[in-house]
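Please read the structure below before turning to the comments.
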Protein chains: 2
Amino acid sequence: MTISEENYIKVIYHLSLVSPKGVNTNAIAGMLDTKASSVTDMMKKLSDKDLVSYQKYQGVTLTEKGFHSAKMIVRKHRLWEVFLVDKLGFSWDEVHEIAEELEHIKSEQLINKLDAFLGFPAADPHGDPIPDAKGVIKKIEKQLLSEVEINASFHCVGVKDSSTDFLKYLDKQKIALGSVVKVIDKEDFDDTLTVEIDGKRLTISNKIANNLYVQ
Amino acid sequence: MTISEENYIKVIYHLSLVSPKGVNTNAIAGMLDTKASSVTDMMKKLSDKDLVSYQKYQGVTLTEKGFHSAKMIVRKHRLWEVFLVDKLGFSWDEVHEIAEELEHIKSEQLINKLDAFLGFPAADPHGDPIPDAKGVIKKIEKQLLSEVEINASFHCVGVKDSSTDFLKYLDKQKIALGSVVKVIDKEDFDDTLTVEIDGKRLTISNKIANNLYVQ
DNA sequence: TTTTATTTTTAGATTTGTCTAAATTTAATT
DNA sequence: AATTAAATTTAGACAAATCTAAAAATAAAA
């Protein structure tokens, strides 16, 4: 697979999680910042290689083969992110772009040795699960902070939105994966939350709460 | 720079060390397993980018800019090799190909953090020096084992030939960088050496001795 | 159910890096 | 110095991945 093909497969994988019945041409084009016509061209090629099933105007889905390839790319991306944060000292908002390059390095031996070196981590720095060497993904039990009951305690296990702005906000508020959150109160009008994080009281907008996973 | 451009620059760099007056089109084509006409095309492009100075039929040399780029690529290649051997447990004959891919990852911050993580190594697993962040290369004092005087002791500091076969031969004979070598005798007829390596006596052909650096 | 709007695909062009085959230049040999 | 050989460059073509503009199909609205 070329880097370009891998990028298409990866995007189709992520979009499939939201629309499992078939991914739209325009949606793919939007994610890859390319034109719909380019997507159509590539779908024909990926279909010839039996990585996607594609019928004109009907959207695409990954084949078994394409699904497995996608998970291997995601595995590589997330393992490299762990390496960058845990070993090299990058912060969690700096690693995505570098991992976008590293995920295309080919050697399977490399990624399995890296996995071992990192201690077989279950999740990347944003809390997203890492597929194992066979492609198995252990689902992480989690709820959005915006949806949990009041007066209960949780700990942060992941973010839904990994944008730099959101991650930097969390850093500023000293919220990290593993932090303990107790929901004190929820405002009826706009769903603003009052929470206690690692003992400190804090007010959190619904938009924030809607992007933070807890367990 | 594209990956292809980087590969050309790197090859010109290595060939320049042997022919500093100008590198031949055919020599480049040979190293990159491509055709002379492709090299000519690329030389025009690299010349337009001020990475090489090129005049028809006269061979090419690197400009200041090209020279610096080359050293940064070599730096990345060798640091990744150290990572693969020291941290992931690859053997020294397995790392070249993977490093060929890793050397094209773009982030400067990444490579400097990797350098620090590895403890600012001076040389890669084959004994080749690693340029620092500014491109400075500390020359490693070394001689070929085939050229040293008899009855003196040295230690192995590098290999000239990094082919799998040669490296595997050294592994088999338990010769590693750091091993202590004493030259006992040299056969006049074919320059075969009798040596003592880490205490064990061994007979070594001139071809071997001519690919092993000692200090 | 037409008509309109949106989405998707086709057709043809472009760029990058490569190739083959022919032409040109330089080097080597007689 | 003339001829032959080798190296290098040019010209034209091709595959991969992309684009624009036009055509076709599907979905939405009147």
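Not measured: the values here are computed from a predicted model. A, B, ... follow the sequence lines: proteins, then strands. Residue 1 opens every chain.
- Note: CG (A:Asp41) to P (C:dT14) measures 16 Å, nearest angstrom.
- No donor-acceptor contact under 3.5 angstrom links the side chains of A:Glu64 and A:His68, judged on distance only.
- No donor-acceptor contact under 3.5 Å links the side chain of A:Ser37 to the base of D:dT18.
- Between A:Phe83 and B:Trp80, the angle of the ring planes lies from 30° to 60°, which puts this pair in the tilted group.
- At C:dT18, one or more side-chain N or O atoms of B:Tyr8 fall inside 4.0 Å of OP1 or OP2 (strictly under the cut-off).
- Put simply, A:Ser4 has no side-chain N or O that comes within less than 4.0 Å of OP1 or OP2 on D:dA16.
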Mark up nucleotides 1-8 of chain D, 5' to 3', with B wherever a protein heavy atom is under 4.0 angstrom from a base atom, S wherever such an atom reaches only the sugar-phosphate, and - elsewhere.
------SB
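- In this model, no donor atom of one side chain and acceptor atom of the other lie less than 3.5 Å apart for A:Trp92 and A:Asp124.
- Rounded to an integer number of Å, the gap from B:Met43 CE to D:dT9 P is 9 Å.
- Under 4.0 Å is where a charged nitrogen must lie from a carboxylate oxygen, and between A:Glu103 and A:Arg78 no such pair does.
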May I have the list of side-chain donor-acceptor pairs in residues 105-114 of chain B shorter than 3.5 Å, sequence neighbours left out?
{"residue": "B:Lys106", "atom": "NZ", "partner": "B:His104", "partner atom": "O", "Å": "3.3"}
{"residue": "B:Ser107", "atom": "OG", "partner": "B:Gln109", "partner atom": "N", "Å": "3.3"}
{"residue": "B:Ser107", "atom": "OG", "partner": "B:Leu110", "partner atom": "N", "Å": "2.9"}
{"residue": "B:Asn112", "atom": "OD1", "partner": "B:Arg75", "partner atom": "NH2", "Å": "2.6"}
{"residue": "B:Asn112", "atom": "ND2", "partner": "B:Glu108", "partner atom": "O", "Å": "3.4"}

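- Rounded to whole Å, atom C1' of D:dA15 lies 13 Å from atom CD of A:Glu5.
- Taking for each of A:Lys35 and B:Lys44 the nucleotide of DNA chain D with the nearest heavy atom, the 5'-most of the two is the partner of B:Lys44.
- Cation-pi check for A:Lys87 over B:Phe117 is not met; the charged atom does not lie both under 6.0 angstrom from the ring centroid and within 45 degrees of its normal.
- One interatomic measurement links the two molecules: CD of A:Gln55 to P of C:dT9, which rounds to 11 Å at whole-angstrom precision.
- The interatomic distance linking B:Met1 (CE) with C:dT16 (P) rounds to 16 Å, in whole Å.
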